[in-house]
Amino acid sequence: MEGTVRVRFAPSPTGLLHIGGLRTALYNYLFAKGHPGGVFVLRIEDTDQSRYVEEAEEDIVNSLVWAGMNFDEGPGKPGGFGPYRQSERKDMYEQYAEQLVEQGHAYYAFDTTDELDKMRERLKKSGNPSPKYDAITRMSMKNSLTLPQEEVERRLEEGEEYVIRLKVPRRETIRFEDEIRGFVSFESKGLDDQVLLKSDGMPTYHLANVVDDHLMEITHVIRGEEWLSSAPKHILMYEYFGWEPPKMAHLPLIMSPSGGKLSKRKAESEGIPINTKDYIEQKFEPEALVNFLAYLGWSPGDDSEIHSLDELTEMFSLDRVSKGGAVFDYKKLIWYNEHYLREKSAEELFPKIRTVAEEHGIKPDKGYMMKIIPLMKERVSKVEDFITQGMFFFEDPEEYEDRAVKKWKDDSADLLEAYIDEIKDLEVDDFEAGILKDKIKKVIEAHDVGFGKLMMPLRVAVSGMGYGPDLTPTIELLGKKTTIRRIKTAIDKLG
RNA sequence: GCCGCGUUCGUCUAGGGGUUUAGGACGCCGCCCUUUCACGGCGGUAACACGGGUUCAAAUCCCGUACGCGGUACCA
């Protein structure tokens with residue numbers, strides 16, 4: 001690859017950044033950073049004023065930063081190709097659109113929305129299921145190709161609303177090479193005369209995209225497959241402008257488990273968080289999401305599964321991106337999250353856990369929490385599990401799980417009474433896991449029963465649950481007073 | 001409908017003419033470890049959409065069919 005690689009992530013700020021968008025950003029980032037001096041640009045495509053959402057840009061930036069993908073150029077990060085918000089580049093687009101008109105590759109159109117609707121309706125009725133404003137229909141519409149020149153000038157001068165449309169040739173085959181799919185070709189007759197400049201003076205995606213990618217010297221356009229069908233229009237525009245088109249790569253879509261593009265509605269009904277913000281709020285490990293997303297539609301070709309963002313950067317290549325859509329497997333994400341959780345130290349985990357604890361109305365003492373973390377770490381899927389499954393470290397169980405209660409047998413109360421007798425006089429220093437375990441042994445030997453006979457009821461009494469971390473270290477942490485109180489309560493409640 | 005793009009275990013994928021009894025991972029199941037639950041270790045389950053070619057040989061190349069997905073806006 002000659003020259004410096006420059007890629008862009010170009011979301012439109014119409015809402016929170018969704019997970020598919022984050023993956024597109026990731027592939028762009030990996031590709032850029034995998035090349036020496038590669039530049040990752042963030043460009044905000046805010047050309048649709050009706051769908052603009054104020055907080056969206058901030059959310060996009062936050063999401064990228066959270067995931068560890070810092071952009072080299074973008075809003076607030078000038079790099080000589082700004083501004084990086086299309087709304088701030090508005091004037092340039094008009095100029096380029098006019099240029100195309102002058103060259104005869106575009107034209108003014110004065111049709112109202114109403115007239116367009118009527119045209120489509122008419123064509124539909126006469127058996128055309130997908131009416132287009134194309135080489136044929138444009139001749140019966142109101143535009144600078146059909147109206148006398150004086151009238152066009154008059155309308156323009158009088159400030160009548162107009163759009164500029166691309167004059168797509170009648171029959172031409174447009175062929176280009178996609179980095180992932182190889183050569184693809186389209187017939188121009190299937191394309192319509194795309195609006196380039198809207199009546200509010202803003203460019204459409206197609207114009208802005210082509211102009212900016214060229215002006216920003218983007219070398220590789222890496223975007224979702226939903227753009228593949230409009231790529232030929234873009235190719236046509238590059239040709240008319242006399243610009244060399246960037247290389248293009250259309251990524252397979254992320255699919256919902258029930259099929260179809262992973263949309264907000266589908267994701268939510270299938271229990272999959274859709275916005276990056278949701279993952280941030282649910283305290284997913286960013287490394288886990290990144291790792292998972294990288295492998296959703298790409299693989300390095302070996303048997304490895306676990307890689308950091310930096311490692312992925314080294315391994316990534318477009319030709320290893322798969323062509324088919326990839327179903328979002330939430331369980332695999334959880335597996336990744338568990339993996340990264342286990343890799344982290346208590347010290348690293350503490351700040352997040354503290355936040356979750358506070359959300360649950362608990363103010364954890366750090367020293368205490370640091371002892372709980374190693375006990376819980378091997379069995380949590382998400383950070384919040386430290387608290388939700390470890391609530392008994394902070395308060396007495398209010399009720400006992402059904403599953404746990406089943407382990408309470410007729411002799412449980414007697415065994416627990418005996419255990420209380422064993423531990424009640426223990427000095428503070430002796431209230432320690434090893435000794436506590438010895439005491440359990442002593443009781444079961446005296447009663448001639450198995451370990452579980454005491455262990456199970458004890459666990460239920462202390463935690464209210466039928467499973468959990470190592471019991472005696474847990475009891476050690478809880479302390480003598482709490483332990484004995486909980487055992488007595490359990491005997492009262494469960495007999 | 002039309003145009004385009006796809007199709008290997010349930011899911012993510014490796015494999016791109018002979019190396020394949022099609023490999024790995026998640027999930028699921030079992031065993032071991034642990035006198036809990038997990039972690040971990042070991043093992044198992046399970047796939048080349050279909051039909052025609054080409055070839056000595058096809059999951060791999062070609063053509064059809066089916067199915068899926070995307071696009072078909074003054075949205076991106």
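By convention in this document, chain letters (A, B, ...) are assigned in the order of the sequence lines, proteins followed by strands, and residues within each chain are numbered from 1.
Within the 4.0 angstrom heavy-atom criterion, base atoms lie near A/Y205. The residue A/M456 sits close only to the backbone: its heavy atoms come under 4.0 Å of sugar-phosphate atoms, none of a base. Contact annotation for A/G127: no contact, since no heavy-atom pair falls under 4.0 Å across all strands. Within 4.0 Å (heavy atoms only), A/R459 reaches at least one base atom of the nucleic acid.
Between B/U19 and B/A59, the distance separating the two C1' atoms is 15 Å to the nearest Å. The C1' atoms of B/G41 and B/U8 are separated by 29 Å, rounded to the nearest whole Å. B/A76 and B/A38 are spaced 46 Å apart, taking the C1' atom of each and rounding to whole Å. Here, B/G16 and B/C3 have their P atoms 34 Å apart, quoted to the whole Å. With C1' as the reference atom, B/U20 and B/A58 are 13 Å apart, rounded to whole Å. If you take atom C1' in B/U45 and the same atom in B/C29, they sit 7 Å apart, rounded to whole Å. Going from the C1' atom of B/A14 to that of B/G52 covers 28 Å, rounded to whole Å. Rounded to a whole angstrom, the distance from the P atom of B/U21 to that of B/A47 is 16 Å.
In this entry the distance linking CG of A/L191 with P of B/A73 reads 11 Å, nearest Å. Rounded to whole Å, the distance from CG on A/L123 to C1' on B/C2 is 14 Å. Atom-to-atom, CG of A/D385 to P of B/C39 comes out at 13 Å; the value is rounded to the nearest Å. Atom P of nucleotide B/C74 and atom CG of A/D114 are separated by 14 Å, given to the nearest angstrom. Rounded to an integer number of Å, the gap from A/L296 CG to B/A14 P is 12 Å.
Pairing for B/A59 is absent, judged as Watson-Crick or G-U wobble with the two contacts each under 3.5 Å. Pair assignment for B/C33 gives none, since no Watson-Crick or G-U wobble pairing has each distance under 3.5 Å. Across all strands shown, B/C50 forms a Watson-Crick or G-U wobble pair, both distances under 3.5 Å, with B/G64. In this structure, B/A14 makes no Watson-Crick or G-U wobble pair, since no nucleotide meets both defining distances under 3.5 angstrom. With a cut-off of 3.5 Å on both Watson-Crick or G-U wobble distances, the partner of B/G70 is given as B/C3. Across the strands present, B/A22 finds no partner; the criterion is a Watson-Crick or G-U wobble pair with both atom distances under 3.5 angstrom.
For B/C39, the glycosidic angle deviates from 0 by 90° or less, giving a syn base.
Nearest to the side-chain atoms of A/R120 among the listed nucleotides B/U7, B/C74, B/U13 stands B/C74. Here the nucleotide nearest the side chain of A/S130, chosen from B/C75, B/U72, B/C12, is B/U72. Listed candidates were B/A14, B/A76, B/C74. Nearest to the side chain of A/S299 is B/A14. Here the nucleotide nearest the side chain of A/R320, chosen from B/U13, B/G15, B/C69, is B/G15. Which of B/U35, B/G70, B/U72 sits closest to the side chain of A/D192 comes down to B/U72. Distances from the side chain of A/E378 to the nucleotides B/U13, B/A76, B/A38 place B/A38 closest. Nearest to the side chain of A/E45, among B/G70, B/C12, B/A76, sits B/A76.
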In the 5'-to-3' direction, what one-character label does each nucleotide of nucleotides 20-34 of chain B receive under the scheme B = base within less than 4.0 Å of a protein heavy atom, S = sugar-phosphate only, - = no such atom? ----BBBS-------
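Judged by the 6.0 Å and 45° rule, A/R175 forms no cation-pi pair with A/F186.
Between A/E268 and A/K264, at least one side-chain nitrogen of the basic residue sits less than 4.0 Å from a carboxylate oxygen of the acidic one, meeting the salt-bridge criterion. Look at A/R43 and A/D213 and you find a salt bridge, because one of the NZ, NE, NH1 or NH2 atoms lies within 4.0 Å of a carboxylate O, short of that distance. In this structure, A/R85 pairs ionically with A/E57, as a charged nitrogen and a carboxylate oxygen lie closer than 4.0 Å. Remark: A/R155 does not engage A/E158 in a salt bridge, criterion side-chain N to carboxylate O under 4.0 Å. A/R171 has no carboxylate O lying under 4.0 Å from a charged side-chain N of A/E187, or vice versa, which leaves the two without a salt bridge. The pair A/R51-A/D48 meets the salt-bridge criterion, since a charged nitrogen lies less than 4.0 angstrom from a carboxylate oxygen.
Nearest-nucleotide positions on RNA chain B place A/V380 closer to the 5' end than the other of A/V380 and A/G260. Comparing A/P203 and A/G182, the nucleotide of RNA chain B nearest to each residue sits closer to the 5' end for A/G182.
Interface remark: the A/S199 side chain does form a donor-acceptor pair with the B/C74 base, using a distance-only criterion of under 3.5 Å.
OP1 and OP2 of B/U13 both lie 4.0 Å or more from every side-chain N or O belonging to A/K323. Put simply, A/S322 has a side-chain N or O that comes within less than 4.0 Å of OP1 or OP2 on B/U13. OP1 or OP2 of B/A76 sits under 4.0 Å from a side-chain N or O of A/T47. Of the side-chain N and O atoms in A/R342, none sit less than 4.0 angstrom from OP1 or OP2 of B/C39.
Nearest heavy atom pair, residue A/T47 against residue A/P203, reads CB-O, 3.4 Å.
Between A/W298 and A/Y27, the ring center distance fails the sub-6.0 Å criterion. Ring centers of A/F328 and A/F292: under 6.0 Å apart, within the cut-off. Ring centroids of A/H214 and A/Y238 are separated by 6.0 Å or more, keeping the two rings apart.
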